[in-house]
Chemist: 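Below: one structure in structure tokens.
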Number of protein chains: 2
Amino acid sequence: MTAVEQDRNISSSFAKGLAVLAVFDAAAPSMTLAEIARRTGQDRATARRGALTLVQAGYLRQDGRMLSLTPRVLALAGGFLQANQFGRRVQPVLNRHARQMEIEVTLAMLDQGRVLLLAQSTVDHGHITYGFTAGSHIPLAHTSLGRMLLAGLPEEEAAAVLAETGIPCHTSQSLTDPAAILERVAQAREQGYCLTDSEFEAGITGYAVPVSRPGQTPIVAGCSAPRGRQPQADAERLLRGLQLCAAELRQAEAVDHL
Amino acid sequence: MTAVEQDRNISSSFAKGLAVLAVFDAAAPSMTLAEIARRTGQDRATARRGALTLVQAGYLRQDGRMLSLTPRVLALAGGFLQANQFGRRVQPVLNRHARQMEIEVTLAMLDQGRVLLLAQSTVDHGHITYGFTAGSHIPLAHTSLGRMLLAGLPEEEAAAVLAETGIPCHTSQSLTDPAAILERVAQAREQGYCLTDSEFEAGITGYAVPVSRPGQTPIVAGCSAPRGRQPQADAERLLRGLQLCAAELRQAEAVDHL
DNA sequence: CGGGTCTGTGCGAATGCTGCACACAATGTT
DNA sequence: AACATTGTGTGCAGCATTCGCACAGACCCG
């Protein structure tokens, strides 16, 4: 902008516009122009142009003064999902195992210091639905998915990621000391699975296992359930199920080049 | 650009960049720079800057000379899905009815002359999986979803949309005369449901019913299955199931402001 | 080996963007 | 009711950015 000459191969106005699109998330599903400007750190006029461009392109809609995403953004994700054959190679596997385990199964990866949900089984069970969907972000430090993902990284890298993101506190049981969390991560790396209990939602236990092969971008599968009467037995059963699911995904090479 | 003065509130370089992101679809999951330039109608240098910006932002990845979408694009869709509580209000309903009907149920809307799939249940049945996911596009003219969507539009508007998009031909049974298709659309409007047989995939029958209330943006639910022994009975059963599903979605106001 | 296609880059020109400042509308606070 | 606050639309001048072309080299293919 001012001092350093920007890379001439990068379009700064495009990048700013993308930032506008990306600012819409679960916490702020619909915002006013001024709010967008604040959250993107852009000048109001700039944010306005970005937003209006998005409206014209059909990705944003304007209700009075509120702006919100339109369903068309799904088409962007659709390109990715179809390219990787998620509908054929990933979703059916998740569904099958989910049904067998009678619990929702989630596939996830790292994204900007958070856990990005890639896919989720859509099986009708009696239990609670948490309302997360593909494309949702959940925290890294206090979920089994997050810790298992960190475990897929080299140790220093995991520490770096964790340090960058900061550690919120969701429940009274959330670990707050980075070292303690890294301890659990290391444990997960050795064991080949990860359990967390009540650190993100009270009373809920999370289970996760790796899917990607060592060295690849970490991908994990997991599930979560209210803590039951026999935690041991539950854990064994669910982890076994997740391992089977992960093995099948690995074998199908369904998630190799993400 | 040249003749008309562009609206000063629209950022043209941002719009061009978005076009780059949007060219990636099922038909072209990974492309070379030159191909992107061709398909977007942009100068190669322009397309290149757009693509590189997307790479820097993490939405595109570069493998050698091929560019492809990264999972991060899912996060964009995630914002929409969470904002509209799809995970809580839509998906469970679809899943439940799908399980009861023992068939996949799809929710869809219009998008640029095509059918945009918004959500899809996936029961774990023995049948084929078509591999479509939320965010996929399917044709308008020869699917029950598409015709039912057209039926949700005023008659002239439906005709206009249909005229704009052109009419491909997928199977020997595909109707090719716009008037004949509009005939079926009108029929669907009157009946409140739509059936198609073998017009998109040979031997497959499609079923669709409206979900949105009249006057709103059309949203429909549908399913498809190989033609069975008792087409009549199948149709009755499936349409009844879809109607129930649609009614429940309507009542939950799950899709009111899309 | 040669034609075709693809990529990276440099550069001048002009255009498109930026950010500020002002006027006004809407909201909500005392 | 009047005020304070927050949001919105617009104009403008200057400058950084982006555009599009053209060239050189890499790569692929028959």
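Quick note on labels: first sequence line is chain A, next is B, and so on, each numbered from 1. None of the values given here were measured: they were computed from a predicted structure.
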Chemist: Could you check, using the six-membered ring where one of them is a Trp, whether A/His170 and A/Phe200 have ring centers closer than 6.0 angstrom?
Modeler: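 Yes; A/Phe200 has its ring centre under 6.0 Å from that of A/His170.
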
Chemist: Over how many whole Å does the gap from A/Lys16 atom NZ to C/dG19 atom C1' extend?
Modeler: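 A/Lys16 atom NZ is separated from C/dG19 atom C1' by 9 Å.
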
Chemist: How long is the line joining CG of A/Leu52 and P of C/dC17, in whole Å?
Modeler: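 Value for this atom pair: 13 Å.
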
Chemist: For C/dG16, does either OP1 or OP2 sit under 4.0 Å from a side-chain N or O belonging to B/Ser11?
Modeler: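 For C/dG16, neither OP1 nor OP2 has a side-chain N or O of B/Ser11 closer than 4.0 Å.
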
Chemist: Between A/Arg65 and C/dA25, is there a contact of a side-chain N or O with OP1 or OP2 at under 4.0 Å?
Modeler: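 The answer is no; no side-chain N or O of A/Arg65 sits under 4.0 Å from OP1 or OP2.
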
Chemist: Quick check for you: among D/dG9, D/dT18, C/dG8, whose closest atom lies nearest to any side-chain atom of B/Ser13?
Modeler: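 Side chain of B/Ser13 sits closest to D/dT18.
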
Chemist: For A/Glu35 and C/dT27, give me the distance from atom CD to atom P, rounded to whole Å.
Modeler: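 Computing the A/Glu35:CD to C/dT27:P distance gives 15 Å.
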
Chemist: Considering only side-chain heavy atoms of B/Ser12, which listed nucleotide, C/dC17, C/dC6, D/dT10, is closest?
Modeler: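 Closest nucleotide among those given: C/dC17.
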
Chemist: Please give, in whole Å, the distance from D/dC19 P to A/Ile10 CD1?
Modeler: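 Distance, rounded to whole Å: 13 Å.
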
Chemist: Using heavy atoms to find the nearest nucleotide of DNA chain C for B/Arg49 and B/Thr32 separately, return the residue whose nucleotide is more 5′.
Modeler: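 Going by which nucleotide is closer to the 5' end, it is B/Thr32.
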
Chemist: How many angstroms lie between atom CG of B/Leu150 and atom CG of B/Leu140, to the nearest 0.5 angstrom?
Modeler: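 Interatomic distance, B/Leu150 CG to B/Leu140 CG, rounded to 0.5 Å: 4.0 Å.
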
Chemist: Between C/dG4 atom C1' and B/Arg38 atom CZ, what is the distance in whole Å?
Modeler: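 Distance, rounded to whole Å: 12 Å.
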
Chemist: Taking everything shown except B/Gln216 itself, do over 12 heavy atoms lie less than 6.0 Å from its CD?
Modeler: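 Correct, the count exceeds 12.
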
Chemist: Going by heavy atoms in the side chains, are A/Leu94 and A/Gln120 under 4.5 Å from each other?
Modeler: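 A side-chain contact is absent here, since even the closest heavy-atom pair is not under 4.5 Å.
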
Chemist: Expressed in angstrom and rounded to an integer, what is the separation of B/Arg48 atom CZ from D/dC19 atom P?
Modeler: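 Answer to the nearest Å: 13 Å.
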
Chemist: For a quick check of understanding: with a heavy-atom distance under 4.0 Å over all strands, which category does A/Ala34 fall into, base, sugar-phosphate or nothing?
Modeler: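 The answer is sugar-phosphate, as A/Ala34 gets under 4.0 Å only of primed atoms, P, OP1 or OP2.
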
Chemist: As a quick check of understanding, evaluate side chain to side chain contact (heavy atoms under 4.5 Å, CB included) for B/Leu175 and B/Asp177, giving each step before the final call.
Modeler: CA-CA 6 Å; B/Leu175 295 181; B/Asp177 177 19; over 6 Å; no

Chemist: Quick one: A/Asn9 CG to D/dT18 P, roughly how many Å, whole number?
Modeler: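 Roughly 11 Å, once rounded to whole Å.
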
Chemist: Across the strands shown, which category fits B/Arg44 at heavy-atom distances under 4.0 angstrom: base, sugar-phosphate, nothing?
Modeler: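 Since a base atom lies under 4.0 Å of B/Arg44, the category is base.
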
Chemist: Tell me which nucleotide among C/dG8, D/dG20, C/dA26 gets nearest to the side chain of B/Asp43.
Modeler: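 Of all the options, the side chain of B/Asp43 is nearest to D/dG20.
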
